[in-house]
Amino acid sequence: MNLLVFAVLASAAVLAALGVILSKSAIRSALSLVLNFMLLAILYFTLHSETLGVLQVVVYTGAIMVLFLFVIMLLSTQGNINLTESRDVKKIVGGLAGISLAALIGVQIYLPLASVPAPQFHAPQPIGPSYGAPEPLGLALFTRYGYPFETVSLLLMIGIVGSIMLAKRRVR
Amino acid sequence: MTGVPLIGYLALSILMFCIGAVGVVIRRNPIVIFMCIELMLNAANLAFLSFARYQPWKPAVGQIPTVNAYDVRGQVMVVFVMAVAAAEVAVGLGILMAIFRLRDRVDVDDLNTLSG
């Protein structure tokens, strides 16, 4: 039963991901991506990562996708944002390359995983009671992973300053 | 979920990553290409979280069973990936707006000034 629920969620996520790359209009791609991110948030909840499921909804579907839709809206007032995709050989070659990439990564992951006789790969083991709670995550971020956390905050600040510099109109 | 093996989550992650990679190759709209990059980053996030969930958890004997920094390192990586993705989107869309100001058509196949 759980496997059935997972299969439904996973196939819906794959279909939404296919909708991102196959739909003609950019706004439909963005909405398919929103659906995919919401399904991923549900999958994070099934993995007992509740904090990150909430963060996924707030950060990705709330902030990043709104930024995407905002830029699509802003650009489509000035011109046609939906490009006519040419039916050239690139699509066939790209699809074949994607299938072979999936087969390659799948074999590289499945064979070592199947050779390990570990029971935790077939059914998840019991975890701590506060596994998905914000408290251990925040504790780890501010103690053991303090330096990477500060580096990421520096990166975000540089990104903010850089995007303001890029988007600002040049004063001549 | 109790009955789902790890390989199910990993298969979904691989499929999403490859769909994103194909989208980066075949699409010409740079906004859709950014979306495909987000798709690939989220596939990596799903792999991180599933490995973090399926790792063995052994609380110290005789102590209160708690979750320490060692157990949540997969979730910590996902937080970092989300932050990097947010910075990437902000800078990328800023570059896109700057390009769109110079020319009225954004097509990655037309942007070949640097190719000489």
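Letters A, B, ... mirror the listed sequences (proteins, then strands); counts begin at 1.
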Minimum side-chain heavy-atom gap [X]-[Y] below 4.5 Å:
X        : Y        : answer
A:Phe149 : B:Val76  : no
A:Lys91  : B:Val25  : no
B:Met82  : A:Leu55  : yes
B:Ile31  : A:Leu75  : yes
A:Leu43  : B:Leu12  : yes
B:Val84  : A:Leu155 : yes
A:Leu3   : B:Pro5   : yes

Nearest atoms (heavy-atom pairs only) where [X] meets [Y]:
X        : Y       : value
A:Ser163 : B:Ala90 : CB-O, 3.5 Å
A:Ala140 : B:Val72 : CB-CG2, 3.6 Å
A:Tyr60  : B:Ala85 : OH-CB, 3.3 Å
B:Arg27  : A:Ser29 : NH1-OG, 4.3 Å

Chain B contact via [X] - which portion, at a heavy-atom distance below 4.5 Å:
X        : answer
A:Leu67  : both
A:Phe37  : side chain
A:Ser23  : backbone
A:Val152 : side chain
A:Ala30  : both

Do we see a donor-acceptor contact under 3.5 Å between the side chains of A:Thr46 and B:Tyr9?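 Yes.
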
Please tell me whether [X] and [Y] are part of a single hydrophobic cluster in this structure, the criterion being side-chain heavy atoms less than 4.5 Å apart.
X        : Y        : answer
A:Val66  : A:Ile27  : no
A:Leu35  : A:Phe45  : no
A:Leu154 : A:Tyr145 : no
A:Leu15  : A:Ile99  : no
B:Val32  : A:Val71  : no

Using a cut-off of under 4.5 Å for heavy-atom pairs, which of [options] has the most such pairs with chain B?
options                     : answer
A:Gly162, A:Gly95, A:Pro148 : A:Pro148
A:Leu52, A:Leu33, A:Leu22   : A:Leu52
A:Gly159, A:Ala13, A:Ala17  : A:Ala17

Could you give the distance from [atom1] ([X]) to [atom2] ([Y]), rounded to the nearest 0.5 Å?
X        : Y        : atom1 : atom2 : result
A:Ile109 : B:Ile14  : CD1   : CD1   : 4.0 Å
B:Met16  : A:Leu18  : CE    : CG    : 11.0 Å
B:Phe100 : A:Leu74  : CZ    : CG    : 9.0 Å
B:Arg53  : A:Tyr131 : CZ    : OH    : 7.0 Å

Max heavy-atom pair count under 4.5 Å with chain A, selected residue of [options]:
options                            : answer
B:Gly23, B:Gly94, B:Cys18          : B:Cys18
B:Leu96, B:Val22, B:Ile33, B:Leu15 : B:Val22
B:Ala98, B:Gly92, B:Ala83          : B:Ala83

Using the rule side chain to side chain contact (heavy atoms under 4.5 Å, CB included), only one of A:Leu141, A:Thr51, A:Val59 pairs with B:Val79; which is it? A:Leu141

Give, as side chain, backbone, both or neither, the part of [X] having an atom under 4.5 angstrom from any heavy atom of chain A.
X       : result
B:Leu93 : side chain
B:Ala11 : neither
B:Leu49 : both

Got a list of side-chain donor-acceptor pairs under 3.5 Å for residues 34-47 of chain B, not counting sequence neighbours?
residue: B:Asn42; atom: OD1; partner: A:Gln56; partner atom: NE2; Å: 3.0
residue: B:Asn42; atom: ND2; partner: B:Glu38; partner atom: O; Å: 3.0

